[in-house]
Amino acid sequence: MINCSSEPSKSCSILAVETSCDETSVAIVRNGREVLSNMVSSQIDVHRRFGGVVPEIASRKHVETITVMLEQAVAEAGIALSDVDAIAVTQGPGLVGSLLVGIVAAKALAMALDIPLIGTHHIAGHIYANQLTEQMEYPCMALVVSGGHTELVHMESEGQFRVIGKTRDDAVGEAYDKVARAVGFPYPGGPHIDRLAGEAEEVIELPRAWLEPDSYDFSFSGLKSAVLNVINQAKMRGEPPVHAAVARGFQESVIDVLTGKAMRAVKEYHAKQLLLCGGVAANRGLRAALGDRCKAEGVPLLVPPFEYCTDNAAMIGAAAYLKWKSGQFTPLDFQAGPLFSLEGWSVGK
């Protein structure tokens, strides 16, 4: 990071680019909270036939789409490029080929407009998506749940990140997709399992991976194996499919562990708020269960609107504003960070 000695202006419009996986998104966000535009082009239909994201195809689709998204974002915002104060882009983590497409576009814009560049952490974006609609208070605890990440992040103050727990194997979104594939649903499978679990009248109890008593880490590979075992045993006995009961049992197991560990972390770290963020934050079962638990224990719960849960550039603009306020800009020769550290991206580092 480069420290800029000049004092940032009171009003700041950031053009943000997000291409970490299979969504091409460009947004313009004013002062970290006001979304002037947020254009998203999804590749779900392209990757569905393969049962998951194919990195090479994702990269090529970003190349095809990025210019169109840039043009549409500027037009939708109703401002000129000359009104943009900084360019933000997801530096990582993510698929390296996908990241590079957005980074090259962002560097070119920053050079052409002669304005600062802000390399931004993808997970910081998911966390600060909450800031787009609610006021965050510190200290707070973030439960990050997505296709590639399951983490508990403690924030003692604005822009300061400390990961206190993470998945040891499958991320929760990845587990949802694998279970969905086992019961015959297409990619992405999470929404299908969420719907089926909500409709189920019966439930098959499945194990909870709590790990060590004091651990905030997560593990879902054993739960996934338990689901496959139930399905295979039913097939071998010639019994009718138990997909709905399995989906409900799987979702209840996931929700119990996520909710239990998140609430314990809130108490131990004296957090004023619990933030739910990431693509799986769109899961209705999780949103409802966590909402009920937080209400019962008097803990304010922040959850972004559905459009800000999945990957989008508005959240990158919200997070990048932290660096703008502190005058921390990124040199033009920075590289993509597929394993970019969230703690290392903290303001002041």
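The shown structure was predicted, so the numbers you read here are calculated from the model rather than taken from an experiment.
- Side chain to side chain, Y138 and Q160 fail the donor-acceptor criterion of an N or O pair below 3.5 Å.
- Using a 4.5 Å heavy-atom threshold, the side chains of T120 and Y128 count as separate.
- Ring pair Y176/F250 is perpendicular by interplanar angle, where above 60° counts as perpendicular and below 30° as parallel.
- For the pair L15 and L70, the minimum side-chain heavy-atom distance is below 4.5 Å.
- Here the shortest heavy-atom pairing between P93 and H121 reads CD-CE1, 3.3 Å.
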Please step through side-chain hydrogen bond (donor to acceptor under 3.5 Å, both in side chains) for the pair E23 and N312, ending with a clear verdict. CA-CA 7 Å; E23 276 93 16; N312 66 92; over 6 Å; no
For this session: Please report the C-alpha distance between E252 and R208 in whole Å, then the side-chain angles of each, then the deciding distance to 0.1 Å, and finally whether the side-chain contact (heavy atoms from CB on, under 4.5 Å) criterion is met.
Result: CA-CA 9 Å; E252 287 184 358; R208 273 71 165 155; 4.0 Å; yes
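- With salt bridges taken as basic N to acidic carboxylate O contacts below 4.0 Å, one links R168 and D217.
- Between S13 and D83 the shortest heavy-atom distance is CB-O, 3.9 Å.
- Between V280 and T150 there is no side-chain heavy-atom pair separated by less than 4.5 Å.
- In plain terms, the two heavy atoms of A171 and G148 that are nearest each other are CB-C, 3.5 Å.
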Practice prompt. Determine, step by step, whether I193 and V183 satisfy the side-chain contact (heavy atoms from CB on, under 4.5 Å) criterion, reporting the C-alpha distance in whole Å, the side-chain angles of both residues, the deciding distance to 0.1 Å, and the verdict.
Written response: CA-CA 9 Å; I193 295 296; V183 299; 4.1 Å; yes
One pair to check against side-chain contact (heavy atoms from CB on, under 4.5 Å): D45 and R48. What are the steps and the verdict? CA-CA 5 Å; D45 291 341; R48 182 176 286 124; 2.8 Å; yes
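- Ring geometry, H122 versus H126: the interplanar angle exceeds 60°, so the pair is classed perpendicular (tilted spans 30 to 60°).
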Q) Do C309 and R287 pass the side-chain contact (heavy atoms from CB on, under 4.5 Å) test, and can you show the C-alpha distance, the side-chain angles, and the key distance before you say yes or no? A) CA-CA 12 Å; C309 289; R287 291 165 78 104; 3.6 Å; yes
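- When side chains are defined from C-beta on, P191 does not count as touching F185, because their heavy atoms never get closer than 4.5 Å.
- Nearest approach of A200 to A244, heavy atoms of both residues: CB-O, 3.3 Å.
- Checked for salt-bridge contact, E64 and R60 miss the test: no charged N lies under 4.0 Å from a carboxylate O.
- Judged by distance alone, the side chains of N130 and Q273 never bring a donor and an acceptor atom under 3.5 Å apart.
- Within the structure, ring pair (Phe, Tyr, Trp, His ring centres under 6.0 Å) pairs that include any residue of residues 261-302 comprise H154-Y269 (at least two apart or interchain).
- Here the side chains of C140 and K272 are not in contact, with every heavy-atom distance at 4.5 Å or above.
- Under the 4.5 Å side-chain criterion, counting only non-hydrogen atoms from C-beta, K323 is in contact with W345.
- We find that D292 and K295 are not joined by a salt bridge, their nearest charged nitrogen and carboxylate oxygen being 4.0 Å or further apart.
- Other members of the cluster containing Y187 are V53, L95, with ILVMFWY side chains joined at under 4.5 Å, either directly or via other members.
- In this structure, F161 has no ring-ring contact (aromatic ring centres under 6.0 Å, His included) partners at least two apart in sequence or on a different chain.
- Heavy-atom minimum distance, G249 versus L206: C-CD1, 3.6 Å.
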